[in-house]
Amino acid sequence: MIISCINVLNKQEETSTRVISVDEEENIIQNSTFEDGLNNWSGRGGCKILLHDSMGDGKVVPLIGKAFASATERTQNWNGIQQDVSGRVQRKLAYEVTAVVRIFGSTTPSDVRVTLWVQGQNGREQYIGIANAQATDKDWVQLQGKFLVNGVAAKAVIYVEGPPPGTDILLNRLVVKHAEKLPPSSPPDFQDVLFGVNILQNSNLSDNLNGWFPLGPCTLSTANGSPLILPPMARDSLGTHEPLNGRYILVTNRSQTWMGPAQTITDKLKLNLTYQVSAWVRIGSVKTGPQNINVALGVDSQWVNGGQVEAVDERWYEIGGSFRIENQPSRVIVYVQGPSAGVDLMVAGLQIFPVDRKARFKHLRNLTDKVRKRDVILKISGIDTHNCFEDMISNVVKVRQSKNSFPIGTCISRSTIDNEDFVDFFVKNFNWAVFGNELKWYWTESQQGNLNYNDADELLDLCSKNGIQVRGHCIFWEVPSAVQSWVQNLNKNDLMNAVQNRLNSLLTRYKGKFRHYDVNNEMLHGSFYQDRLGKDIRAFMFKTAHQLDPSPILFVNDYHVEDGADIRATPEKYINHIIGLQEQGAPVGGIGVQGHIDNPVGPVVCAALDKLGTLGLPIWFTELDVSSSNEFVRADDLEVMLREAYAHPAVGGVMLWGFWELFMRNNGHLVDAEGEVNEAGKRFLALKHEWLSHARGPIDDQGEFKFRGFPGTYTIEVDTMTKKFTKTFTVDNGDSPLEVAIEL
Ligand SMILES: *[C@@H]1O[C@H](CO)[C@@H](O)[C@H](O)[C@H]1NC(C)=O
Ligand SMILES: *[C@@H]1O[C@H](CO)[C@@H](O)[C@H](O)[C@H]1NC(C)=O
Ligand SMILES: *[C@@H]1O[C@H](CO)[C@@H](O)[C@H](O)[C@H]1NC(C)=O
Ligand SMILES: *[C@@H]1O[C@H](CO)[C@@H](O)[C@H](O)[C@H]1NC(C)=O
């Protein structure tokens, strides 16, 4: 998957040169500011390191202390300055790293990285990327990052690398110390928020164009004839709402794609609050082909996507999106943009309103009961029920669900399973798993013919020992940047052979082991194989996979399908894509919606699921993660997604894309690097708890006990005057009432 750069606001990266003061006692790096010359340091990969008090005719002087080092005569990107820290890095402790660096000898800015190389006791090597930033020859830049070593490290070396050969890396200071715990976030205060109330002025244009201004030299006017109905995705969130009045803004004389109607909303926004965006939009002419239409937020100098659609004809299209601002901006404008210069744009009923997530949760709880629970009749035999009346009363049944069988899984990786705390949380709380990278072709065959299935084998072994089912991710990946270089360099014939070999090798080896396969990841976002091998190759991959191992369900898998913000991956495009594959004979058995989502809004996600649901295939969230620096907001985001998924009848399972800090998306974790469960984790556990059904009561005179519960594993405890009986039973999926015979 690729995390979009759209909501950059959420993912702040500190690269300032504000120097953090350090207690050198805590620093595991020795001679960290070169006060003791080059002692403890060396050049990585045979490059040379030199000590300086200044360089470049005195233009480069140390930011800290009196000296700095340079790595010179570098011939590889990974050449640089290193220190052996073997024996000084403890496993399962989180370390924070800061490095003050710059480059020399090139005026082109370049990526500089801090990396940790670790060798385990079994010889297994691992490279852990800790921090990176663009460095220039103009200023020192401070890189910051964190890392955690899961297994026992026999050897460890930390180094600074990255720029192309010929460019020198300068290092002024490196600090590695046990990471401080971040202060916990406080819950945002949404007391006075008017949920479902539009914050834009004069949305319905009954006051002509008051409040609106043209962004750039385009012309705004109003006209009549837009839809009177509310856009469907807004209906639930807005509650009772009068119909629209049919007035719209017509934008003409657009000489740039970004030109359109705008409003300033700086003072109307509340931080950390999730806003839904809704509008009808239309283009004036389709002569120039499909047009992107986007509700954009200009947040200071950044562009934030509030939802977009692709217009292919001259009708009204619904935009449904969302956004959230987490850091105080100085100016925010909202504007509608996107069509090519010269194409007229029409906008009706643009509304922005905070969403009442709690109200929707109530509705989803009810839906969940309907959709997921099943009536169960326990027919209890083996105890005397024909005794006297008192005995009957005392035959009390207690039913407790110990496990819900709905698939809730997570991504795991080879290094994380060396951490017994990680494994403990994993096996306790998940019944499905997927491997982060270990099954990908670039991992199992990074060099042609050099197969490595060890990591996948070990992960699979852990899962099968714990009764955890596994998705196979992924056989191929259509995005060119995810294709390893030897595959990129093959000619057509050799590529076709390599594809066939990959299928044979993987699916034969693991026959019957994986319950799902993502056959060709992200076909809406890339076309590496299709471009080189033709349109039939995609169906060929599905068909061949099915021949080699008929048992797994074969999935398509893509991102941004559910958030209303990516015109490459709208539900409509995904549907057409799947139908296209099926028409070519591809046995598509499931729809993977990755679910890397920012500021989710229930009705927008649900609308996408409803549309995809028309195909009649199971939908799985395959890589769900959310992100907010505020743990309470993150917990809310996660709850939105899990509740929408579990309440939706077409959804067959949910996989999280990790749960442990540093082994998933930034600001997305449920458990911090050292094992503490945070607010998002607590919310997750609370939902898992809510989704266990319990019941108690007397056995009726038919010897039956009826209840309604989620599929899964149960224990029943029957307490008679004389004896206590305990049995376990399972409730399978199904719509009709289930009769279970309990023989005590
Ligand atoms: C337009 O919206 C305003 C509130 O912003 C409302 O008072 C007015 O009745 C609406 N007019 C129409 C025609 O819907
Ligand atoms: C704006 O567009 C209209 C037609 O859409 C045209 O008549 C008018 O001349 C244009 N004005 C400018 C300033 O380009
Ligand atoms: C949920 O169901 C209960 C009981 O059937 C009902 O009283 C309540 O109004 C429902 N709530 C929502 C939000 O649908
Ligand atoms: C929003 O969340 C951030 C991150 O936790 C926090 O620093 C900030 O105080 C919050 N702001 C409000 C207004 O809740």
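Whatever order the structure lists them in is the order used to number ligands and atoms, beginning at 1.
- Ion pairing between a basic and an acidic side chain is recognised when a charged N comes within 4.0 Å of a carboxylate O; D356 and K362 show no such pairing.
- We find that R360 and D236 are joined by a salt bridge, their nearest charged nitrogen and carboxylate oxygen being less than 4.0 Å apart.
- Taking the ring axis of Y646 as reference, the NZ or CZ atom of R643 does not stay both within 45° of it and closer than 6.0 Å to the ring centre.
- Atoms of ligand 1 found under 4.0 Å from any heavy atom of N204, numbered from 1 in the order shown, are 1 (C), 2 (O), 3 (C), 8 (C), 10 (C), 11 (N), 12 (C), 14 (O).
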Kindly print each ligand 4 N/O atom paired with any protein N/O atom under 3.5 angstrom away, one pair per line, or none if nothing qualifies.
{"residue": "ligand 4", "atom": "2 (O)", "partner": "N272", "partner atom": "OD1", "Å": "3.2"}
{"residue": "ligand 4", "atom": "2 (O)", "partner": "N272", "partner atom": "ND2", "Å": "2.4"}
{"residue": "ligand 4", "atom": "2 (O)", "partner": "N630", "partner atom": "ND2", "Å": "3.2"}
{"residue": "ligand 4", "atom": "5 (O)", "partner": "N630", "partner atom": "ND2", "Å": "3.2"}
{"residue": "ligand 4", "atom": "11 (N)", "partner": "N272", "partner atom": "ND2", "Å": "2.9"}
{"residue": "ligand 4", "atom": "14 (O)", "partner": "N272", "partner atom": "ND2", "Å": "3.1"}

Go through the steps for W316 and Y248 under the test ring-ring contact (aromatic ring centres under 6.0 Å, His included), then give the verdict.
CA-CA 11 Å; W316 291 94; Y248 65 91; 5.2 Å; yes
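- Aromatic ring orientation, F425 versus F430: tilted (interplanar angle from 30° to 60°).
- A salt bridge between E96 and K146 is absent, with no side-chain N of the basic residue lying under 4.0 Å from a carboxylate O of the acidic one.
- Listed by number with element, the atoms of ligand 3 under 4.0 Å from a non-hydrogen atom of H363 are 13 (C).
- Of the candidates R372, K373, R365, D369 forms a salt bridge (charged side-chain N to carboxylate O under 4.0 Å, His left out) with just one, namely K373.
- In this structure, E318 has no salt bridge (Lys or Arg N to Asp or Glu O under 4.0 Å) partners at least two apart in sequence or on a different chain.
- Below 3.5 Å of separation, one finds an N or O of N366 facing an N or O of ligand 3.
- Of all atoms in ligand 1, numbered sequentially from 1 with element shown, those under 4.0 Å from a heavy atom of N245 are 12 (C), 13 (C).
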